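What you are looking at is a predicted structure, and each value in this text was computed from that prediction instead of being measured. Position 1 is the first residue of the sequence, and the numbers go up from there. First listed ligand is number 1; within each ligand, the first listed atom is number 1.
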Amino acid sequence: GLFGPPDDPADMKPRPPVVTVMGHVDHGKTSLLDALRQTDVVAREAGGITQHIGAYQVELEGGRKITFLDTPGHAAFTQMRARGAQVTDIVVLVVAADDSIMPQTVEAISHARAAGVPIIVAINKIDRPDADPQRVRTDLLQHEIQVESLGGDVQDVEVSALKKQNLDGLLEAILLQAELLELKANPDRAAEGSVVEARLDKGRGPVATFLIQRGALKRGDVVVVGSEWGKIRALIDERGQQLSQALPAQPVEVLGLDGVPEPGDRFAVVESEARAREIAEYRQRKKREKASAKTAG
Ligand code: GDP
């Protein structure tokens with residue numbers, strides 16, 4: 001197959017966790033992602049995270065990093081999973097303290113379960129006078145989520161995305177959960193990963209955000225991604241800076257693809273442009289055959 005052999009355990013190095021924020025509409029996913037973005041210590045010096053690329057990495061005091069998929073809503077999560085891309089290590093379940101469990105909260109819980117991904121509950125809007133965080137905890141019991149204070153092992157953190165209260169507590173909980181997961185990847189091999197977002201840019205052509213899952217992606221690498229291929233012309237991070245390489249759990253915008261891949265498509269570095277073209281053409285042919293079989297049937 002296209003995807004390389006498993007790595008020698010000796011080559012595996014710790015990597016940052018990849019986090020998806022899920023929850024009911026209006027419970028504060030977007031606000032929380034915006035607030036967390038501002039905890040990045042590098043951004044404070046370098047003028048901030050300047051562009052939306054579908055994911056961002058924050059660096060905390062002491063150099064620890066967390067990657068957030070910046071695609072709120074459950075569609076992206078399910079679409080990626082449907083394409084076989086398992087990119088999320090931890091789900092942060094946002095529940096508004098004034099509203100408690102709602103239909104999309106339940107939906108998010110079942111998505112996280114189906115993916116086998118641990119949940120951290122962020123009880124949001126704690127600043128509101130009608131906030132009732134204890135009700136959230138007890139309501140969660142009906143969905144088999146038992147937080148630590150009620151004798152379970154699910155971490156819960158009270159936050160206010162709006163007032164930026166206790167974001168440190170949430171980041172700590174994520175780092176603790178990540179430690180328990182012992183996340184590792186081999187950074188010294190040809191890169192593989194998944195597409196987070198992709199679009200056609202008028203000036204720059206196809207632009208895709210890749211999440212690196214193994215290895216290091218470098219400028220000049222030749223990749224196959226879904227049924228497209230390309231020679232990586234530029235790697236750009238969420239601060240708009242050009243990189244020479246991107247490492248495991250790092251999201252990066254790539255230029256140089258011949259077409260626009262789809263979220264959840266896998267990418268892998270291959271040895272030559274000829275090989276990349278061959279694989280991409282084969283996949284495009286398969287795709288056309290499938291499409292015409294559908295019309296015929
Ligand atoms: P999403 O639909 O889950 O992405 O929710 P948003 O982030 O768009 O937030 C929905 C509304 O709740 C907006 O009006 C936010 O300003 C508000 N909101 C989000 N977080 C908080 C919070 O911590 N406290 C209060 N009082 N309002 C919040």
Return a table of donor-acceptor pairs under 3.5 angstrom between the side chains of residues 138-148 and protein atoms on other chains or two or more places apart.
residue : atom : partner : partner atom : Å
Thr138  : OG1  : Gln134  : O            : 3.2
Thr138  : OG1  : Arg135  : O            : 3.1
Asp139  : OD2  : Ser100  : OG           : 2.6
Asp139  : OD2  : Arg135  : NE           : 3.4
Gln146  : NE2  : Leu150  : O            : 3.1

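- Residues that satisfy the side chain to side chain donor-acceptor pair (under 3.5 Å) test with Lys287, not counting sequence neighbours, are Ser227.
- When every heavy atom of Leu235 is checked against every heavy atom of Ser244, the shortest pair comes out as CD1-O, 3.7 Å.
- For residues 76-85, the side-chain hydrogen bond (donor to acceptor under 3.5 Å, both in side chains) pairs, not counting sequence neighbours, are Arg83-Glu262, Arg83-Asp265.
- Relative orientation of the Tyr56 and Phe68 rings is tilted, given thresholds of 30° and 60° on the angle between their planes.
- Note on Val87 and Phe77: separate hydrophobic clusters, where clusters join Ile, Leu, Val, Met, Phe, Trp and Tyr whose side-chain heavy atoms are under 4.5 Å apart, directly or indirectly.
- Closer than 4.0 angstrom to ligand 1 lie heavy atoms from His24, Val25, Asp26, His27, Gly28, Lys29, Thr30, Ser31, Asn124, Lys125, Asp127, Arg128, Ser160, Ala161, Leu162.
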